[in-house]
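Everything below concerns the one structure shown next.
Chain identifiers are assigned alphabetically (A, B, ...) following the order of the sequence lines, protein sequences preceding nucleic acid strands; residue numbering begins at 1 within each chain.
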There are 2 protein chains.
Amino acid sequence: MGAVRGQSPAEIPDVVVERLPHYLRALRALRDEGTEVVSSQELGEALSVTPAQIRKDLSYFGRFGKQGRGYSVPHLVLDLTRILGLERAWPVILIGAGRLGQAIVTYPGFTPEGFHIQAAFDTDEAVIGTHIADIEVRPVREVQKYVRQKGIEIAIVAVPGEQAQAVIDGLIRVGIRAIMNYAPSNPRVPNGVRVRTIDPVQALQTMTFHLTGQQHPEQQAAPKPASAGPR
Amino acid sequence: MGAVRGQSPAEIPDVVVERLPHYLRALRALRDEGTEVVSSQELGEALSVTPAQIRKDLSYFGRFGKQGRGYSVPHLVLDLTRILGLERAWPVILIGAGRLGQAIVTYPGFTPEGFHIQAAFDTDEAVIGTHIADIEVRPVREVQKYVRQKGIEIAIVAVPGEQAQAVIDGLIRVGIRAIMNYAPSNPRVPNGVRVRTIDPVQALQTMTFHLTGQQHPEQQAAPKPASAGPR
DNA sequence: CTGTGTGAATTTTTTCACAGCT
DNA sequence: AGCTGTGAAAAAATTCACACAG
């Protein structure tokens, strides 16, 4: 029966876990177009990942493939969904209801994936009490009560960089265990708490390095898309 | 499979380049508070990075420290700025002027870092001709001319996932060499083109894995910034 | 003394390659 | 046959530890 159990994630490299959503997305696309079975080879081509890596990654969690055949797409979708903890919906709170926070709340990508932004908090009197989409902006001092009451574990932080560390410290004190940080800062968190900082500027800055270093564009003509893309 | 040949900047690992903006941000903060000199030890504590890693990373680019003293903060800021290609401003175009694209244009973090969104493009007749902040939304068919004329190398893509690959293929054909992709997709690009996909949902999905796996939150008290320095 | 820069050692991650299941 | 799952090998990244410069 259940091949997949919640094993101690201590053993599983972070780098592996970070690839799973990637696989899941591709598998869902395959499923939606009716593909029943996929080999690590085929999946790897779709994702620009080596087949060996896919097999090795999956092997951390169990045996999902059928030798000689490949992986059942619908089954693997379910397995990865379960492994990632995506069978349930996750309530999320947002701290910082400024321009960026508002864009996050209205971003349509979270809800279909089960991430429901339930409440927003801010310190600015001007926005407290207003509504973004259909959620009300509350004063930050109510965070603790809210988190405890609703058992929230995930927070999205969209406050100015200087405030991020203080806000995050407060969230952790209140029981938050996973934080998506949109502030350009390097927050320190205790063990057991996960942070992911999303920083488009840093991403751009690594790209300018490459743009600057390469003197000659060299091959420039047609960029073979290598995909069976329709036009 | 294709190892990247050609005259890429030396043989500097990507993972090293990706840390440089991180260092730079911390160094600028130190500079702005008047710190003249910093050791790899101190910088490492500020960033939760080992001192050895900082020294090793920097050593790919030269010798910036003074033995017995540490690094001159202002000098290292300048050196990293130059290494990353941030002495100049970078014009950027945006493809996709929907809700997300509009948020990107109005995000105040790009301009101070020298990334200037110069133009936005969309296929939707309804938004073409409108203005976001002070830039006009143009029809995508004008991208090629614009990019060539202005010598743009960086694009931000904020279109629906299904369209991302096609849009990116087009951009590359037109000469774009660095792409920040906000679409939840896995674009394939030819050698010599860099893509960074920013995908908050994937980030959340790796966090739910950890939230699900750990049965017991284990009591973590105050978020002591204690550098979890092992040993 | 202090703290860099760097070969060497260690650890982590990726890839190989093949036994074995279907 | 075809393709997984996995030890073993290889490669990459990190950390150690120390000679040496200031």
Side-chain angles (χ1 to χ4, degrees), chain A residues 3-4 7-20 22-23 27 30 35-77 79-80 83 206, chain B residues 1-5 8-20 22-23 27 30 35-76 79-80 83 206 227-231:
Chain A
V4 185
Q7 292 294 4
S8 57
E11 304 283 339
I12 292 154
D14 268 14
V15 67
V16 170
V17 176
E18 274 155 34
R19 280 190 292 262
L20 299 185
H22 212 219
Y23 299 163
L27 286 162
L30 288 171
T35 307
E36 279 296 324
V37 173
V38 71
S39 66
S40 58
Q41 172 79 56
E42 293 161 337
L43 187 57
E45 272 161 24
L47 289 168
S48 309
V49 166
T50 65
Q53 179 152 80
I54 291 172
R55 294 201 303 274
K56 176 70 92 175
D57 284 352
L58 294 177
S59 77
Y60 281 99
F61 303 97
R63 305 152 69 107
F64 306 103
K66 288 180 190 159
Q67 278 131 326
R69 287 271 285 156
Y71 300 88
S72 155
V73 172
H75 278 109
L76 193 46
V77 166
D79 286 328
L80 285 177
I83 289 166
T206 70
Chain B
M1 307 314 205
V4 178
R5 318 240 253 108
S8 301
E11 302 143 25
I12 293 153
D14 269 14
V15 67
V16 170
V17 176
E18 274 156 32
R19 279 190 293 263
L20 299 185
H22 210 220
Y23 299 163
L27 286 161
L30 288 170
T35 307
E36 279 295 326
V37 173
V38 71
S39 66
S40 58
Q41 171 81 64
E42 293 160 339
L43 187 57
E45 274 162 22
L47 289 169
S48 310
V49 166
T50 65
Q53 179 150 82
I54 292 171
R55 295 201 302 276
K56 177 71 91 175
D57 284 353
L58 294 178
S59 77
Y60 281 99
F61 303 96
R63 302 153 69 108
F64 305 103
K66 287 178 190 162
Q67 278 131 327
R69 288 270 285 156
Y71 300 87
S72 156
V73 172
H75 277 109
L76 192 47
D79 286 327
L80 286 178
I83 289 166
T206 69
S227 44
R231 187 148 315 142

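- A:R19 contributes atom CZ, which lies 11.0 Å from atom CG of A:D14 (distance to the nearest 0.5 angstrom).
- Looking at the side chain of B:Q53, the nearest of the listed nucleotides D:dT14, D:dC16, C:dT4 is D:dT14.
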Using the 3.5 Å cut-off, write out each protein N or O paired with an N or O of nucleotides 19-21 of chain C and the distance between them.
{"from": "C:dC21", "atom 1": "O4'", "to": "A:Q67", "atom 2": "OE1", "distance (Å)": "3.4"}

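- Side-chain contact between B:T206 and A:E18 is present, with heavy atoms from C-beta onward closer than 4.5 Å.
- Residue A:S40 places at least one side-chain N or O under 4.0 Å from the OP1 or OP2 atom of D:dT4.
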Determine all donor-acceptor pairs shorter than 3.5 Å in which one atom belongs to a side chain in residues 41-49 of chain A; sequence neighbours excluded.
{"from": "A:Q41", "atom 1": "NE2", "to": "A:E45", "atom 2": "OE2", "distance (Å)": "2.9"}
{"from": "A:E42", "atom 1": "OE1", "to": "A:S39", "atom 2": "N", "distance (Å)": "2.9"}
{"from": "A:E42", "atom 1": "OE1", "to": "A:S39", "atom 2": "OG", "distance (Å)": "3.4"}
{"from": "A:S48", "atom 1": "OG", "to": "B:R188", "atom 2": "NE", "distance (Å)": "3.3"}

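- Counting heavy atoms from C-beta on, the side chains of A:L58 and A:L76 come closer than 4.5 Å.
- What separates CG of B:L58 from P of C:dG5 is a distance of 7 Å, to the nearest Å.
- Residue A:R55 places a side-chain atom within donor-acceptor reach of the base of D:dG5, judged by atom type and a 3.5 Å distance cut-off alone.
- A:L80 places none of its side-chain heavy atoms less than 4.5 Å from the side chain of A:F64.
- Looking only at side-chain heavy atoms (C-beta outward), A:P13 and A:Y60 come within less than 4.5 Å of each other.
- Closest-nucleotide positions on DNA chain D for B:V16 and A:D57 were compared, and the one nearer the 5' end corresponds to A:D57.
- Note on B:Y71: a side-chain N or O is less than 4.0 Å away from OP1 or OP2 of C:dG5.
- A:R19 has its CZ atom 12 Å from the C1' atom of C:dT15, to the nearest Å.
- Whole-Å rounding puts the B:D14 CG to D:dA12 P distance at 12 Å.
- Counting only heavy atoms from C-beta on, B:S59 has its side chain closest to C:dG5 among C:dT14, C:dG5, D:dT4.
- Taking 4.0 angstrom as the limit, A:Y60 places none of its side-chain polar atoms (N or O) nearer than this to OP1 or OP2 of C:dT13.
- Counting heavy atoms from C-beta outward, A:V37 and A:R69 have side chains that approach closer than 4.5 Å.
- Rounded to an integer number of Å, the gap from CD of A:E45 to P of D:dC3 is 11 Å.
- Contact between the side-chain N/O atoms of A:T50 and the OP1/OP2 oxygens of C:dT15 is found at a separation under 4.0 Å.
- Comparing B:K56 and B:P51 by the nucleotide of DNA chain C whose heavy atom lies nearest to each, the residue mapping closer to the 5' end is B:P51.
- Within the 4.5 Å cutoff, the side chain of A:D79 has no heavy atoms near those of the A:Y71 side chain.
- Look at CD1 on A:I54: it is 16 Å from C1' on C:dT13, rounded to the nearest Å.
- Projected onto DNA chain C by closest heavy-atom contact, A:V15 and B:G70 fall at different nucleotides, the more 5' of which corresponds to B:G70.
- D:dT4 atom P lies 18 Å from atom CZ of A:F61, rounded to whole Å.
- Taking the C1' atoms of five terminal pairs at each end of the helix from C:dC1-D:dG22 to C:dT22-D:dA1, the two resulting helix axes are inclined by 10°, rounded to 10°.
- Here C:dT2 presents its P atom at 13 Å from CD of B:E42, a figure rounded to the nearest Å.
- Here the closest heavy-atom approach between residue A:P74 and residue A:E36 is recorded as CD-O, 3.5 Å.
- At whole-Å resolution of the value, CD in B:Q41 and P in C:dG3 are 8 Å apart.
- For the pair A:V38 and A:L27, the minimum side-chain heavy-atom distance is below 4.5 Å.
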